Amino acid sequence: MDNKEKETIKQAILSKIRDLEEKVESLTELSKPVTPDNAIGRLTRMEAINSRSINEASLSASRQTLNNLKKALGLIDDPDFGYCLHCEEPIPYKRLMIMPETSLCVACAEKINSSLT
Ligand SMILES: [Zn+2]
């Protein structure tokens with residue numbers, strides 16, 4: 001990976017972090033406890049609670065990705081950045097652009113996913 005590619009990935013990480021921070025903020029708002037006297041229009045309290053738990057799941061996934069992105073940002077100038085943690089082969093640039101938070105190549109990520117299921 002050359003410096004120009006590294007810089008492009010850095011920008012991609014920064015813009016993903018910005019997007020996710022906004023998302024986390026609005027999901028945090030939506031995940032606030034549902035109070036019984038809340039004016040929630042046509043939604044019943046049960047429905048509000050259901051959608052709240054979906055928001056919470058999405059919130060924790062977003063927070064996780066956000067953490068991984070920040071980790072990736074801290075590691076990007078490290079000589080090991082862009083190499084698979086598992087097999088130590090370089091991770092394709094295209095994959096890093098889509099998922100800069102990944103630390104595994106496609107083959108290893110698939111292997112690990114299939115061993116989990
Ligand atoms: Zn690998």
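In this text the structure is predicted, and so the values were computed from the model without any measurement. All values below were derived from every heavy atom in this structure, side-chain atoms included, with hydrogens, water molecules and symmetry-related copies excluded. In each ligand, atom 1 is the first atom listed, and ligand 1 is the first ligand listed.
The pair Asp77-Lys10 meets the salt-bridge criterion, since a charged nitrogen lies less than 4.0 angstrom from a carboxylate oxygen. Using a 4.0 Å cut-off between charged nitrogen and carboxylate oxygen, Glu56 and Arg52 count as a salt-bridge pair.
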List the atom pairs, donor and acceptor, that lie under 3.5 Å between side-chain atoms in residues 68-75 and the rest of the protein, sequence neighbours left out.
unit_1	atom_1	unit_2	atom_2	d
Lys70	NZ	Glu21	OE2	3.4

Show which side-chain atoms of residues 89-99 pair as donor or acceptor with protein atoms under 3.5 Å away, not counting sequence neighbours.
unit_1	atom_1	unit_2	atom_2	d
Arg95	NE	Leu104	O	3.0
Arg95	NH2	Thr102	OG1	3.2
Arg95	NH2	Leu104	O	3.2

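Neighbouring protein atoms of the Zn ion (ligand 1) (N, O or S, distance under 2.8 Å, waters ignored): Cys84 SG, Cys87 SG, Cys105 SG, Cys108 SG.
The 12-atom threshold is not exceeded at CG of Asn3, counting heavy atoms of other residues, nucleotides or ligands nearer than 6.0 Å.
For Thr28, the side-chain contact (heavy atoms from CB on, under 4.5 Å) partners at least two apart in sequence or on another chain are Val24, Leu59, Arg63.
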